[in-house]
Amino acid sequence: MKKLYGVIGDPIGHSMSPDMHNDAFGALHMEAYYHPFHIKSEELKTAVAGMKAIGLSGFNVTVPHKTAIMPLLDEIDPLAEAIGAVNTVVRDENRFIGYNTDGEGFVRGLNEEYGSSVLDKKIMIIGAGGAARAIYYTLSQQGAERVDIANRTPAKAEELKSRCPYPVETALLSLEQAEEQLGDYDIIIQTTSIGMSPKVSETPIHVKNIRPDAFVSDIIYNPAETMIMKEAKKRGARVQNGLKMFAYQGALAFEKWTGILPDTERMQKIVQNKLGGTSC
Ligand code: ATR
């Protein structure tokens, strides 16, 4: 009998995870199927109980359930607990265990594109929302030396820093300070929604002070090249969009379910094709 996996969210119609995972199951000749489930918040508890009862082997969790699902699971991995969000649920016999592969997916994709580990580099994260938390805590957990946070609302950056359970050196910056001091950084990670389609001409900060040997990683993948990436490229910097992060968070979930890390290049191509074939 085929194993059943899925993703829950609201909305869920545009999720690219089913294409990515079903292609990977097919490529690996595995008897499994991944289905998108549209679950409203008021149905979340019933849905989790239902998924356990019908024997779902594992699932992904997306907006708006990543935090709300936590008390409904049997166990939460410590990193997911610290991040305060679960994007992957693994079934262990009759128990559901929650993980977060967003931060790890990002860091894997960043290391791969950068060409070496980024842990000893001077890193700036722009933004202090959920995505920033996953990335900041994962970098800290992995032993990053210096990760500064630039955010519009200082209190949110302060909260992110003060709740981080792993040791890391961090200075907090306003967006203006981030612009001024940009030349001090090797790696700039853009985690806000600024620049995302349809507002493609916006940037969270101006990059006139960026170094030509710097690297900008934007977690946005639609458009494939955001304005901050374009501006950074003009000044000689290397850039990457969020496609690798998306593929890797999915690949790491797949690995947790099956023990096999699927072909992430292939996963990226699936998403790219679905987005209209733009190259990145
Ligand atoms: P996510 O969970 O996707 O990371 P989020 O939690 O809503 O989203 O976080 C969005 C981040 O983008 C925040 O850091 C937010 O800044 P504030 O903390 O000041 O709200 C940042 N952000 C969103 N729109 C912004 C804008 N127009 N200018 C500056 N920062 C913005």
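Start at 1 and go down the list; that is how both ligands and their atoms are numbered.
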For ligand 1, is any non-hydrogen atom under 4.0 Å from N151's backbone (N, CA, C, O), its side chain (CB onward), both, or neither? side chain
Could you pull out, from T192, D102, I135, the option with a heavy atom nearest to atom 11 (C) of ligand 1? T192
Within the protein, is there a heavy atom lying under 4.0 Å from atom 14 (O) of ligand 1? yes
Can you tell whether the side chains of E231 and K234 come within less than 4.0 Å, N to carboxylate O? yes
Heavy-atom pairs closer than 4.0 Å: do any link ligand 1 to the side chain of K156, the backbone, both, or neither? side chain
Would a search of protein heavy atoms around atom 3 (O) of ligand 1 find one under 4.0 Å away? no
Proximal ligand 1 atoms for A131, defined as those under 4.0 Å from one of its heavy atoms: 1 (P), 2 (O), 4 (O)
Nearest non-hydrogen atom to atom 31 (C) of ligand 1 belongs to which of V63, I149, I194, L160? I194
Would you say the side-chain atoms of N60 and S17 include a donor-acceptor pair closer than 3.5 Å? no
Check R108 with E104, please: is the shortest side-chain N to carboxylate O separation under 4.0 Å? yes
Looking at ligand 1, does P204 have a heavy atom less than 4.0 Å from it? no
Nearest non-hydrogen atom to atom 26 (C) of ligand 1 belongs to which of R152, K199, K66, E202? R152
Just say parallel, tilted or perpendicular for the rings of W257 and H21, cut-offs at 30° and 60°. tilted
Among side-chain atoms of Y114 and D186, is any donor-acceptor pair under 3.5 angstrom? no
D74/K52 salt bridge by N-O under 4.0 Å criterion: yes
Within the distance-only criterion (no hydrogens, no angle test), does the side chain of T203 pair as donor or acceptor with the backbone N or O of H206 below 3.5 angstrom? no
Atom 10 (C) of ligand 1 has as its nearest protein heavy atom G129 CA, 4.4 Å
Are Y34 and F25, when compared by the centres of their aromatic rings, separated by less than 6.0 Å? no
Check the pair V271 / M267 against side-chain contact (heavy atoms from CB on, under 4.5 Å), numbers first and verdict last. CA-CA 7 Å; V271 178; M267 285 182 146; 5.8 Å; no
Could you tell me which atoms of ligand 1, counted from 1 in the order shown, lie closer than 4.0 angstrom to a heavy atom of G127? 14 (O)
What protein heavy atom sits nearest atom 8 (O) of ligand 1, and how far away is it? G130 N, 4.3 Å
For atom 17 (P) of ligand 1, what is the nearest protein heavy atom, given as residue, atom name and distance? T153 OG1, 3.4 Å
